[in-house]
Amino acid sequence: MEVIIQPTEEAAVKLTARIMADQLRARPDMVFGLATGATMEAVYAELARMCREEALDFSNAKSFNLDEYIGLPAEDKNSYRYYMDHHLFNNINIKKSNTHLPNGMTDDIPGEGPRYEAAIKAAGGIDLQLLGIGQDGHIGFNEPLSSLSSRTRDKSLTPVTYRQNSIYFNPPESMPRRAFTMGVGTILDAKRIVMLVTGKRKADIVAKAIEGPITSMISATAIQMHPHVVVILDEAAAANLKEQEYYRWTFANEPCWDRYR
Ligand code: GLP
């Protein structure tokens, strides 16, 4: 794992988008794993800008999102399909048919996970998985006690997640209590993982995720087992990391980061 601390949220977002864009330029038929949440909005705005102004070409790319609420149709403003269309897919030249999210409206809930897994496999697997982190340490919607080898499935959300996300719903009580999510095992199968974490409110949980013991109580700790992970933070989110000096040293000295400094 590499940890990169950027001076501001804007710099952290730009670095994340640049890494994604460089991978896409190197491999135009990239399969992206994508995340939702407020943190990612600026990343998607930056990718859209690059598509518009720098000819970043998504025409051969594919995407699979981490998760989707159960019971929300695509037109619902709180569905992750709506979020992705609005923040990214409508603003870049990706083919809509190449963008995938679990179907929150399926009438075959047990069948949806295996169907989604099969679609990821048929696409050749995920090349780069973008991740955020929830307040309770979840990745996707892998809430505490999610098996570290879990696959895509339906999952009940925790009260913490309910409090974090219901602010977007009107009324808040209309937020679904359940969601489909890629499993921790599904996420770990991605060839590369980029996690972006910004803001003071995430400082405690991200320190546990990066430097704490691996535990299913905090599914984000599972990224410690992945061979190719970079975690990008702003100063506020990095505040509780013990080994900051080491992380800064590595970023300053590793040749692979030369072009990003
Ligand atoms: C949701 C998503 C997660 C995301 C989290 C963080 O719970 N399922 O994938 O990481 O939100 O959201 P925010 O960026 O708004 O803090």
Side-chain angles (χ1 to χ4, degrees), residues 9-10 12-13 16-17 20 32-47 63-72 76-84 86-88 100-102 104 112-113 116 126 128-146 150 152-169 172 175-188 190 193-210 218-223 229-234 236-238:
E9 178 178 353
E10 191 191 355
V13 161
T16 304
M20 294 174 76
F32 286 107
L34 297 176
T36 50
T39 312
M40 299 306 163
E41 290 176 17
V43 175
Y44 297 147
E46 177 63 5
L47 289 172
S63 73
F64 289 87
N65 263 79
L66 284 167
D67 43 18
E68 178 61 285
Y69 290 111
I70 294 179
L72 294 191
D76 189 301
K77 288 205 159 91
N78 285 302
S79 74
Y80 284 162
R81 164 52 79 180
Y82 185 95
Y83 170 107
M84 290 308 300
H86 179 76
H87 289 290
L88 187 64
H100 306 270
L101 285 93
E112 184 59 13
Y116 203 62
I126 290 167
L128 188 157
Q129 176 66 55
L130 179 64
L131 290 180
I133 187 170
Q135 218 104 76
D136 64 358
H138 67 213
I139 47 177
F141 270 136
N142 289 287
E143 300 288 41
L145 291 182
S146 288
S150 50
T152 306
R153 70 218 181 285
D154 54 302
K155 194 79 194 140
S156 291
L157 304 174
T158 61
V160 176
T161 301
Y162 184 75
R163 281 195 290 278
Q164 185 191 324
N165 291 3
S166 61
I167 54 167
Y168 301 111
F169 288 78
M175 178 179 149
R177 279 20 174 206
R178 307 182 74 233
F180 288 116
T181 180
M182 280 188 202
V184 181
T186 320
I187 292 168
L188 292 180
I193 293 177
V194 177
M195 177 181 269
L196 171 66
V197 188
T198 57
K200 202 165 133 231
R201 75 194 168 104
K202 299 281 180 69
D204 188 37
I205 195 67
V206 79
K208 288 183 178 142
I210 294 172
I218 301 173
S219 63
T221 59
I223 65 170
V229 180
V230 54
V231 184
I232 301 171
L233 310 109
D234 63 0

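The basis for the numbers below is simple: all heavy atoms, side chains too, and nothing from hydrogens, waters or symmetry mates. Just so you know, residue 1 is the first one in the sequence shown, and it goes up from there. It should be emphasised that the depicted structure is a prediction, and the values quoted were computed from it without experimental measurement. All ligand and atom numbering here is 1-based and tracks the order in the structure.
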On a heavy-atom basis, which atom in Lys155 and which in Phe141 lie closest, and how many Å separate them?
CG-O, 3.5 Å
What about Phe169 and Tyr69, are their ring centers closer than 6.0 Å?
yes
For Phe64, which of Phe180, Tyr116, Phe32 qualifies under ring pair (Phe, Tyr, Trp, His ring centres under 6.0 Å)?
Tyr116
For Arg153, the salt bridge (charged side-chain N to carboxylate O under 4.0 Å, His left out) test, sequence neighbours excluded, returns none
Tabulate distances under 3.5 Å between N/O atoms of ligand 1 and N/O atoms of the protein, writing both atom names on each line.
residue, atom, partner, partner atom, Å
ligand 1, 7 (O), His138, NE2, 2.9
ligand 1, 7 (O), Asn165, ND2, 3.3
ligand 1, 8 (N), Asp67, OD2, 2.7
ligand 1, 8 (N), Gly140, O, 3.1
ligand 1, 10 (O), Ile133, N, 3.3
ligand 1, 12 (O), Gln164, NE2, 3.4
ligand 1, 14 (O), Ala38, N, 3.3
ligand 1, 14 (O), Thr39, N, 3.0
ligand 1, 14 (O), Thr39, OG1, 2.4
ligand 1, 15 (O), Ala38, N, 2.8
ligand 1, 16 (O), Arg201, NH2, 2.9
ligand 1, 16 (O), Lys202, NZ, 2.7

Under the 3.5 angstrom rule, does the side chain of Ser150 hit a backbone N or O of Val184 as a donor-acceptor pair?
yes
Look at the aromatic rings of His87 and Tyr83 and report parallel, tilted or perpendicular, splitting at 30° and 60°.
tilted
